[in-house]
Amino acid sequence: MSSAETLKRHHLRVTDIREKVLEVFINSSKALSNEDIEKHFAKLDRITLYRTLKTFEESGLIHKIPHSGQSPLFAICQEDCSQHEHLDQHGHFHCLKCGETICMDEVNVPSINLPDGFTAQQRHLVIEGKCAKCT
Ligand SMILES: [Zn+2]
Ligand SMILES: [Zn+2]
Ligand SMILES: [Zn+2]
């Protein structure tokens, strides 16, 4: 499926920026920060990029990955995420050596028993260590 078709499937208007940003995510094997994405563009307005990422996240195209660094990281959604629900219940791995963060689709986030009165909305699992390339 082309990036334009993916945008349409998620009920988004196709624009040049959206198509290009989505392609950067599709072609990347690691999670990306705003700065990583900016490198793929000769000129890209930060506000436009910020809005594009927010729209993508809200539409189920990309998901945000919590990590200890300063700028947020995003990765393409593999599963059938939609506007209403993100289904990316997989763990993430952050390599302390090369700094890459990757989705681990085969690692499930364990369910946790919460005390009475607490309701979970999202569960995240981030493992830090050395990736296969750096070991
Ligand atoms: Zn998702
Ligand atoms: Zn590494
Ligand atoms: Zn992920």
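Order of listing sets the numbers, starting from 1, for every ligand and every atom in it. Quantities reported herein were computed from a predicted structural model and do not represent experimental measurements.
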- [ ] Indicate yes or no: does Lys39 engage Glu35 in a salt bridge with an N to O separation below 4.0 Å.
- [x] no
TODO: Under the side chain to side chain contact (heavy atoms under 4.5 Å, CB included) rule, what do Thr119 and Leu114 come out as? Steps first, then yes or no, please.
DONE: CA-CA 7 Å; Thr119 323; Leu114 291 171; 6.0 Å; no
Open item on the list: For Arg18, run the side-chain contact (heavy atoms from CB on, under 4.5 Å) check against Thr52, Thr48, Thr6, Leu61 and tell me which one passes.
Closed with: Thr52
Open item on the list: For the CZ atom on Arg51, are there more than 12 heavy atoms of other groups (residues, nucleotides or ligands in this structure) within a distance under 6.0 Å?
Closed with: no
TODO: Please list, chain by chain and in numerical order, all residues satisfying side-chain hydrogen bond (donor to acceptor under 3.5 Å, both in side chains) with Glu19, sequence neighbours excluded.
DONE: none
I need the minimum non-hydrogen distance between [X] and [Y], along with the two atoms involved.
X	Y	value
Leu12	Ser59	CD2-OG, 3.5 Å
His124	Pro66	CG-CG, 3.5 Å
Ser111	Arg123	CA-NH1, 3.2 Å

- [ ] State, with a plain yes or no, whether a side-chain heavy atom of Leu44 is found less than 4.5 Å away from one of Lys20.
- [x] no
Task: Residue His86 atom name (nearest to the Zn ion (ligand 1); N/O/S) - done: ND1
Task: Sub-2.8 Å protein N, O or S atoms surrounding the Zn ion (ligand 3) - done: His63 NE2, His90 NE2, His92 NE2, Cys103 SG
TODO: Enumerate the residue pairs fulfilling ring-ring contact (aromatic ring centres under 6.0 Å, His included) with a member in residues 27-63, sequence neighbours excluded, ordered by first and then second residue.
DONE: His63-His90, His63-His92
Open item on the list: Quick check for you: within a radius under 2.8 Å, how many protein N, O or S atoms neighbour the Zn ion (ligand 2)?
Closed with: 4
